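Here the structure comes first, spelled out in structure tokens, and everything after it is commentary.
This structure is a prediction, so every number in the text was calculated from the model and none was measured. A note on names: the letters A, B, ... follow the listed sequences, proteins ahead of strands, and every chain is numbered from 1. Just so you know, these numbers use all the heavy atoms, side chains as well, and skip hydrogens, waters and symmetry mates.
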2 protein chains.
Amino acid sequence: MPRRSESLSREQIVSTAVGILDAAGAGGLTFRVLAERLATGPGAIYWHVANKDELLTAATDAVVARALAEEPASGSPEDRVRAVALGLFDAVDQHPWMAAQLSTGTWQATSPHVLEAVGRQVRALGVPRADWFVTTTVLIQYILGAAVQNAANAQAAPRVGSRGEFLDAVATAWEELDAEEWSFTRTIGDQMRHHDDREQFLAGIDLALRGIAASRPQVRAAGGA
Amino acid sequence: MPRRSESLSREQIVSTAVGILDAAGAGGLTFRVLAERLATGPGAIYWHVANKDELLTAATDAVVARALAEEPASGSPEDRVRAVALGLFDAVDQHPWMAAQLSTGTWQATSPHVLEAVGRQVRALGVPRADWFVTTTVLIQYILGAAVQNAANAQAAPRVGSRGEFLDAVATAWEELDAEEWSFTRTIGDQMRHHDDREQFLAGIDLALRGIAASRPQVRAAGGA
DNA sequence: TCTCCTCTGGAACGTCGTTCCAACGTAGCT
DNA sequence: AGCTACGTTGGAACGACGTTCCAGAGGAGA
């Protein structure tokens, strides 16, 4: 059997893995499949990558780093927060396999990049220095939490039919619940039916921005709804 | 081989599974281990449970339902939001294996319980009806996102040493980063070193409450820190 | 008593992550 | 030029997992 001419590299392996993950989902990435794509055997991959966890972490790293690549330079501080947040949200939306990875804690190595990117905008918002850490980490927890759940919902929904049909089915089911036991859920079926995930996410960012602004009312109010 | 006297039940299987998950983590739950604990074979379990996903979903369901069991009745609306949020946060903290499950979207079946529990408090806060859905789902995304990441961090940290040592090591590493490229992260090392996860979580809830209050300033300001 | 039908539990299947190792090819030395 | 040492390859094999299969135990009804 002829041996490969040019040697494997870690970057090549990781970028091929991202390709497989994007095309086939988290379950589609196998050392055997990856080896076949690279025209080699599973053993060769282990020379460059310790195990599957490290491979998934590296893949997540690569995508997150790309999403954070350019810092938004124009616009109000609020708009720059929105830009960074949406960049991460969309990255997870387009690479749903990252959802599982972002919930394992292994991404802590990536974490500083996210912390720095969000933190700079928090600092620009005029948050008191003593609140920088808490404000930034709370924003990150919301951003990633919302992104992960959005990606998970997108995976769960399409098996039933179109998105519109799915939302309508859930909304209708809610509206038919018992009036006492489900007194709240019953009343929001229609809002569920017509909501948009990205707008909902941005509404959460705006809620946080209003909360931040309310903590230092002497400066000014946060931007629009 | 003698046959069991009393038959298996789905509830018995699920509660045994929760016990294994609590004791051995997500990786410790195996159909073989579970079968041995129940003094039966793997095949018998499949009569009551379709597959492992359904088992994990049922286990998560059971724990979440317990955490939401009693609705907080006393205190201000803000305090009741904090109580529900902390109940969920602590449940994930004590059953870290739920973190992976809460990020898969499979828990959508559980979702209405969480939605109802949080939504009732949002309604009590005096949020305009048109904002009920968005406000509630944003709160849930933050609560679960923060809980999941907290649980993941708790898994990642203890391998190095005590929590104090771990935080100190991370903080020190941050403080030694390049002053330009990491201009923000560098400055929050000390806040990282002395932070408390639960307080940080509650600070996030309070931030959201302030944001909610700021959206209807005609009523009153939110309480707390 | 006979006959279903529910439920059991052990064996077996295919796939996965991972380990092992014989062999290939190059760099550096003699 | 020949030899050796080492980094790297890639296929085979291992153990564990989720899941399926099926022979048969036990109780309920005729």
| message | Over all strands shown, is Leu29(B) touching base, sugar-phosphate only, or nothing at heavy-atom distances under 4.0 angstrom? | response | sugar-phosphate

| message | So if I take every side-chain heavy atom of Arg32(B) and compare against dT20(D), dT9(D), dA12(C), which nucleotide ends up nearest? | response | dA12(C)

| Closest approach of Ala117(A) to Leu68(A) (non-hydrogen atoms, all atoms of both residues) | CB-CD2, 3.8 Å

| query | CG of Leu38(B) versus P of dG9(C): gap in Å, rounded? | reply | 10 Å

| task | When you get a sec, tell me which of dT9(D), dG18(D), dA12(D) is the closest nucleotide to the side chain of Ala44(A)? | result | dT9(D)

| What integer distance in Å separates Asn51(A):CG from dC16(C):C1'? | 14 Å

| request: Examine dG10(D): is either OP1 or OP2 under 4.0 Å from a nitrogen or oxygen in the side chain of Thr40(A)? Give yes or no. | output: yes

| request: Answer yes or no: is there an ion pair linking Arg120(A) with Glu116(A), defined by an N-O contact shorter than 4.0 Å? | output: yes

| query | For Lys52(B) and dG18(D), what is the distance between atoms NZ and C1' respectively, to the nearest whole Å? | reply | 8 Å

| said: Is the distance between the ring centroids of Phe184(A) and Phe133(B) under 6.0 Å? | reply: no

| message | What verdict does the side-chain hydrogen bond (donor to acceptor under 3.5 Å, both in side chains) test give for Thr136(B) and Arg123(B), after you've listed the backbone C-alpha separation in whole Å, the side-chain angles of each residue and the deciding distance to 0.1 Å? | response | CA-CA 9 Å; Thr136(B) 303; Arg123(B) 189 176 54 192; over 6 Å; no

| note | Whole-Å distance, Trp47(B) CH2 to dC22(D) C1', equals 13 Å

| task | Specify the separation, in whole Å, of atom CD1 of Ile13(A) and atom P of dG10(D). | result | 11 Å

| message | On DNA chain C, does the nearest nucleotide to Ile45(B) precede the nearest nucleotide to Gly27(A) from the 5' side, or the other way round? Give the residue. | response | Ile45(B)

| remark: In terms of heavy-atom contacts, Leu102(B) and Gln149(A) come closest through O-CG, 4.5 Å

| Nucleotide dT8(C), atom P - distance to CD of Gln12(B) in whole Å | 9 Å

| query | Taking the side chain of His48(A) as its heavy atoms from C-beta onward, which of dC16(C), dT9(D), dG18(D) lies nearest to it? | reply | dT9(D)

| query | How many Å lie between CZ on Phe31(B) and P on dT8(C), as a whole number? | reply | 14 Å

| query | Between atom CG in Leu34(A) and atom P in dT9(D), what is the gap in whole Å? | reply | 13 Å

| request: May I ask you to say what Leu8(B) touches in the nucleic acid, namely base, sugar-phosphate or nothing, with a heavy-atom cut-off under 4.0 Å? | output: sugar-phosphate

